[in-house]
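Contents: one structure, followed by commentary.
Computed from a prediction, not measured in an experiment: that's the story for all the values here. Each chain gets a letter, A, B and so on, in the order its sequence line appears, and its residues count up from 1.
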There are 2 protein chains.
Amino acid sequence: MARATTTSDVFNAVAEPRRREILNYLALQERPVGEIVDSLGLAQPSVSKHLRVLLEVGLVDVRRDGRRMFYRTNAEAIRPLHEWTETFERFWRHQLSRVKERAERKSNASKEGEPDFSSRRKHDLDSSKN
Amino acid sequence: MARATTTSDVFNAVAEPRRREILNYLALQERPVGEIVDSLGLAQPSVSKHLRVLLEVGLVDVRRDGRRMFYRTNAEAIRPLHEWTETFERFWRHQLSRVKERAERKSNASKEGEPDFSSRRKHDLDSSKN
DNA sequence: TTGACACATTCCCATATGGGAATGTATTGT
DNA sequence: ACAATACATTCCCATATGGGAATGTGTCAA
């Protein structure tokens, strides 16, 4: 296959940083495309394309006024995302203690022993990228 | 450019549906890869690759026990996502009334007038896809 | 040491991407 | 009717993807 389409669902749509910026920007007020372009410092076609994606998944609404198109964030569409993350909330509350344990084990292991391979995290893997 | 890497941040990592399934599955208990493969019905290399992505962005931790690798969701890493969506929570509360307005405007416009172009949503665009 | 087991990595490939540049389209003012 | 304005779409392209298949690697048991 390949990666899923950006328009396949809300998760894919908000994966793009500029689209999140746009959503933030349009949350308070509706805005014409030109203002988004100026405020976020992006190229106009780029903004139009991002808006198209957001529109397709229902993350924004549009309204035409003369030659201008006013976009606005449809916050309601973000709820599924919020709810998915929420199911993990109770876990990170319970895990705070385990984070400490891990930190302690790590500082012990790195004193003079072998490299610590338990509980690897991003930084431990970065070496394989350079 | 192209799309951002799946490992570039948490947002991109969770865009993939199976990775979300894996995170759900590993939230309660740590599990060896084999069990993930059996439970979710995915190919083993596929699972390993997904786990690698999740590991790089810190969404899971690993622990080795003999030949088996026990993975577990690191819920803490989901918080940024949760917090981003949370900033919109107050908006969808305030917007519930506007949704009704829109629905009413739409039913009025489609009675006998021109096609309604205000507040387009996903379904209005689907025609352009077929 | 060897074979089996549990995973990880690599190779191949069709596909969607986002940016830049160019062009198309709808609406307004004159 | 025409130029200007405000967006939208298209084309080109380097790039990362996820799946399938094959292969590599580390660990244990005998």
With respect to the phosphate group of [N], does any side-chain polar atom (N or O) of [X] fall under 4.0 Å of OP1 or OP2?
{"X": "B/Tyr71", "N": "C/dA6", "result": "no"}
{"X": "B/Ser48", "N": "C/dC7", "result": "no"}
{"X": "B/Arg52", "N": "C/dT9", "result": "yes"}
{"X": "B/Arg64", "N": "D/dT27", "result": "yes"}
{"X": "A/Arg19", "N": "C/dG18", "result": "yes"}
{"X": "B/Arg18", "N": "D/dG19", "result": "yes"}
{"X": "A/Ser46", "N": "C/dG18", "result": "no"}

Protein-nucleotide distance ([X], atom [atom1]; [N], atom [atom2]), rounded to Å:
{"X": "B/Leu42", "N": "C/dA8", "atom1": "CG", "atom2": "P", "result": "14 Å"}
{"X": "A/Asn12", "N": "C/dA16", "atom1": "CG", "atom2": "P", "result": "13 Å"}
{"X": "B/Arg63", "N": "C/dA6", "atom1": "CZ", "atom2": "P", "result": "16 Å"}
{"X": "A/Phe11", "N": "D/dT17", "atom1": "CZ", "atom2": "C1'", "result": "19 Å"}
{"X": "A/Asp65", "N": "C/dT28", "atom1": "CG", "atom2": "C1'", "result": "12 Å"}
{"X": "A/Glu16", "N": "D/dT17", "atom1": "CD", "atom2": "P", "result": "14 Å"}
{"X": "A/Arg68", "N": "C/dT28", "atom1": "CZ", "atom2": "C1'", "result": "12 Å"}
{"X": "B/Met69", "N": "D/dC28", "atom1": "CE", "atom2": "C1'", "result": "16 Å"}

Report task. Just say parallel, tilted or perpendicular for the rings of A/His82 and B/His82, cut-offs at 30° and 60°. Result -> parallel
Report summary line: Of B/Met1 and A/Phe70, the one whose closest nucleotide on DNA chain D sits nearer the 5' end is A/Phe70
Report task. Assess whether one donor atom and one acceptor atom, taken from the side chain of A/Gln44 and the base of D/dA8, lie less than 3.5 Å apart. Result -> yes
Which one, [options], comes nearest to the side chain of [X]?
{"X": "B/His50", "options": "D/dT9, D/dG18, C/dG18", "value": "D/dG18"}
{"X": "B/Arg67", "options": "D/dT5, D/dA29, C/dG19", "value": "D/dA29"}
{"X": "B/Lys49", "options": "D/dT17, C/dA21, C/dC11", "value": "C/dC11"}

Query raised in the report: In terms of side-chain heavy atoms, does B/Glu89 have a donor or acceptor partner in B/Thr85 at a distance below 3.5 Å?
Result: no
Query raised in the report: Going by distance alone, is a donor N or O of one side chain under 3.5 Å from an acceptor N or O of the other, for B/Thr87 and B/Glu83?
Result: no
Requested in this report: Assign each of B/Arg3 and B/Pro45 to its nearest nucleotide of DNA chain C by heavy atoms, then name whichever residue's nucleotide is nearer the 5' end.
Outcome: B/Pro45
Side-chain heavy-atom pair [X], [Y] within 4.5 angstrom cut-off:
{"X": "A/Arg18", "Y": "A/Leu42", "answer": "yes"}
{"X": "B/Phe91", "Y": "A/Leu28", "answer": "yes"}
{"X": "B/Arg3", "Y": "A/Asn12", "answer": "yes"}
{"X": "A/Thr73", "Y": "A/Leu59", "answer": "no"}

**Report entry** Rounded (10°) bend between the five-pair end axes of the helix from C/dT1-D/dA30 to C/dT30-D/dA1
**Finding:** 10°
**Report entry** Passing candidate, side-chain contact (heavy atoms from CB on, under 4.5 Å) with B/Val14, options B/Leu54, B/Ile78, B/Leu23, B/Val57
**Finding:** B/Leu23
